[in-house]
Amino acid sequence: MQSLVSIITPMFNSEAFISETISSVLNQSYKNWELILIDDNSKDATLSIVQEFIKIHPNIKLLKNESNLGAAISRNKGIDSAKGDYIAFLDADDLWKPEKLEIQIACMQTENCDVCFSSYQLINEKGEALNKKVKAIPQLAYSKLLKSNYIGNLTGIYNAKVLGKIKTPDLRKRQDWLLWLSAIKKSGKRAQGMKESLAYYRVRDNSMSSNKLNLIKYNYWVYKKGLSFSTIKSVYCMLVFLKEHFFVKSKQTIAINKT
């Protein structure tokens with residue numbers, strides 16, 4: 001019998017994308033899953049769209065926030081509700097390929113790994129291919145992940161039966177990075193990266209506006225607040241991060257042939 005996978009999807013004003021995102025879960029070749037949608041007090045048609053899916057699919061569950069609480073608290077609410085042996089994440093504007101869960105769960109069981117992630121492709125706001133792929137590192141150690149976030153959250157899965165429920169700290173940005181750091185540290189093993197591209201990350205128009213100052217600020221808080229490093233250690237880690245981000249990690253994004 002297949003192990004249950006809990007999929008955590010926070011939503012906020014996601015009417016433009018949520019149908020396609022849910023459909024990418026429904027189309028999974030791996031069938032034993034529960035999709036936990038957490039609505040963060042949306043003001044558009046997100047809830048009415050989701051309700052139509054829930055009428056037909058009992059393994060889709062909806063949680064609601066009475067006020068806008070942010071992605072971290074919403075994800076944690078979903079994790080609290082999760083019943084699966086494995087926990088996976090999918091944002092409300094991203095997509096999975098049909099074989100995503102089947103390939104990753106099989107890998108985790110065969111390789112006896114607690115954390116798994118994969119390569120993924122980039123699409124624009126309209127869902128059009130940007131002909132770029134972010135390659136996954138085959139084996140990811142905690143020390144490497146500490147330098148920069150190499151796990152695309154839409155591809156990450158961890159074994160909750162082994163590691164317990166690992167939650168995200170309540171930071172405005174980069175909560176997922178801290179979650180994967182915690183998971184790999186608790187596991188004591190390297191995370192398994194799959195070369196196959198198993199998901200589509202939607203590059204939103206507003207996501208292109210983040211500047212280098214924000215890059216420094218948000219990542220500094222990962223070290224200072226998220227990991228409770230001293231100021232000196234946080235500054236040192238930031239220098240390492242900037243070198244890694246611009247000169248090493250950037251090489252993981254490659255052009256792919258048009259199909």
Side-chain angles (χ1 to χ4, degrees), residues 1-106 118 120-121 123-128 152-161 165-168 175-176 179 198-204 206:
M1 183 178 177
Q2 290 183 327
S3 299
L4 178 65
V5 180
S6 296
I7 305 158
I8 311 300
T9 300
M11 310 178 297
F12 177 68
N13 291 344
S14 304
E15 64 179 7
F17 310 111
I18 193 61
S19 291
E20 195 176 2
T21 298
I22 293 174
S23 294
S24 77
V25 175
L26 294 173
N27 291 333
Q28 289 298 298
S29 56
Y30 189 98
K31 297 303 181 184
N32 193 19
W33 50 262
E34 61 172 0
L35 174 59
I36 303 173
L37 302 164
I38 310 95
D39 184 69
D40 199 17
N41 202 233
S42 293
K43 303 302 182 184
D44 63 359
T46 298
L47 282 175
S48 60
I49 293 170
V50 167
Q51 293 289 0
E52 293 303 310
F53 282 99
I54 291 175
K55 290 177 184 177
I56 305 171
H57 304 283
N59 49 346
I60 299 178
K61 302 171 176 62
L62 174 64
L63 306 176
K64 300 178 186 177
N65 295 340
E66 296 303 318
S67 59
N68 186 262
L69 300 176
I73 293 175
S74 297
R75 281 198 188 100
N76 289 341
K77 192 171 183 177
I79 292 169
D80 282 334
S81 179
K83 298 177 181 177
D85 295 320
Y86 297 90
I87 293 180
F89 301 89
L90 177 62
D91 283 350
D93 53 357
D94 295 331
L95 306 170
W96 282 354
K97 294 187 179 182
E99 66 276 16
K100 196 261 187 195
L101 287 180
E102 184 176 7
I103 290 175
Q104 286 188 264
I105 297 301
S118 78
Y120 58 94
Q121 290 165 239
I123 58 176
N124 65 16
E125 193 142 0
K126 297 178 181 178
E128 300 164 337
N153 200 51
L154 73 164
T155 74
I157 302 177
Y158 70 81
N159 189 330
K161 191 172 183 179
K165 292 183 176 181
I166 298 174
K167 299 182 184 179
T168 65
Q175 320 95 341
D176 55 323
L179 183 149
L198 298 177
Y200 297 99
Y201 176 79
R202 195 182 303 268
V203 180
R204 303 290 295 277
N206 57 8

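Keep in mind that this is a model prediction, so the values were computed, not measured. Heavy atoms only: backbone and side chains are in, while hydrogens, waters and symmetry mates are out.
Distance check, rounded to the nearest 0.5 Å: CH2 of W33 to CG of L101 gives 9.5 Å. The structure places OG1 of T9 at 11.0 Å from CG of L63, a figure rounded to the nearest 0.5 Å. Note that CG of L69 and CD1 of I38 are 11.5 Å apart. Values are rounded to the nearest 0.5 Å. For the atom pair S118 OG and K100 NZ, the distance stands at 6.0 Å (nearest 0.5 Å). Rounded to the nearest 0.5 angstrom, T21 OG1 and L26 CG are separated by 11.0 Å. To the nearest 0.5 Å, atom CG of residue N68 and atom OG of residue S74 are 7.5 Å apart.
Remark: S29 engages E102 in a side chain to side chain donor-acceptor pair (under 3.5 Å) (not counting sequence neighbours). Residues satisfying the side chain to side chain contact (heavy atoms under 4.5 Å, CB included) criterion with D85, sequence neighbours excluded, are S3, K161. Among residues two or more places apart in sequence or in another chain, the salt bridge (charged side-chain N to carboxylate O under 4.0 Å, His left out) test is passed with K97 by none. Here N32 pairs with M1, Q2, L4, Y30 under the side chain to side chain contact (heavy atoms under 4.5 Å, CB included) rule; sequence neighbours left out. Partners of N124 under the side chain to side chain donor-acceptor pair (under 3.5 Å) rule, at least two apart in sequence or in another chain, are E128. Listed by chain and number, the residues in a ring-ring contact (aromatic ring centres under 6.0 Å, His included) with F89 are W180 (sequence neighbours excluded). By the salt bridge (charged side-chain N to carboxylate O under 4.0 Å, His left out) test, E34 is found to be paired with K61, residues two or more places apart in sequence or in another chain being considered. Checked against salt bridge (charged side-chain N to carboxylate O under 4.0 Å, His left out), D91 has the following partners two or more places apart in sequence or in another chain: R75. Applying the side chain to side chain donor-acceptor pair (under 3.5 Å) test to D39 and every residue at least two apart in sequence or in another chain returns S42. Judged as a salt bridge (charged side-chain N to carboxylate O under 4.0 Å, His left out), and not counting sequence neighbours, the contacts of D93 are R204.
Here the closest non-hydrogen pair linking S24 and L90 is OG-CD2, 4.1 Å. The two residues P10 and A71 make their nearest non-hydrogen contact at CG-O, 4.5 Å. Between I60 and F53, the closest heavy-atom pair is CD1-CB, 4.0 Å. Here the closest heavy-atom approach between residue A82 and residue I36 is recorded as CA-CD1, 3.6 Å.
Between K165 and N76 the shortest side-chain heavy-atom distance does not fall below 4.5 Å. Put simply, the side chain of L37 reaches to within 4.5 Å of the side chain of I22, judged on heavy atoms. Looking only at side-chain heavy atoms (C-beta outward), K64 and L47 come within less than 4.5 Å of each other.
Side chain of W96 to main chain of L154: a donor-acceptor pair is present (N/O by atom type, distance under 3.5 Å, no hydrogens or angles). Checked by atom type and distance alone, the side chain of S14 never pairs as donor or acceptor with a backbone atom of M11 at under 3.5 Å. Using a distance-only test at 3.5 Å, with no hydrogens or angles considered, no donor-acceptor pair links the side chain of T168 to the main chain of L179. For Y158 (side chain) and I166 (main-chain N/O), a donor-acceptor pair under 3.5 Å exists by modelled atom type.
No hydrogens or angles considered: a donor-acceptor pair under 3.5 Å links the side chains of N65 and D40.
Applying the salt bridge (Lys or Arg N to Asp or Glu O under 4.0 Å) test to every pair with at least one member in residues 7-32, sequence neighbours left out, gives these pairs: E20-R202. Each salt bridge (Lys or Arg N to Asp or Glu O under 4.0 Å) pair with one or both residues in residues 41-53, not counting sequence neighbours, appears once here: E52-K55.
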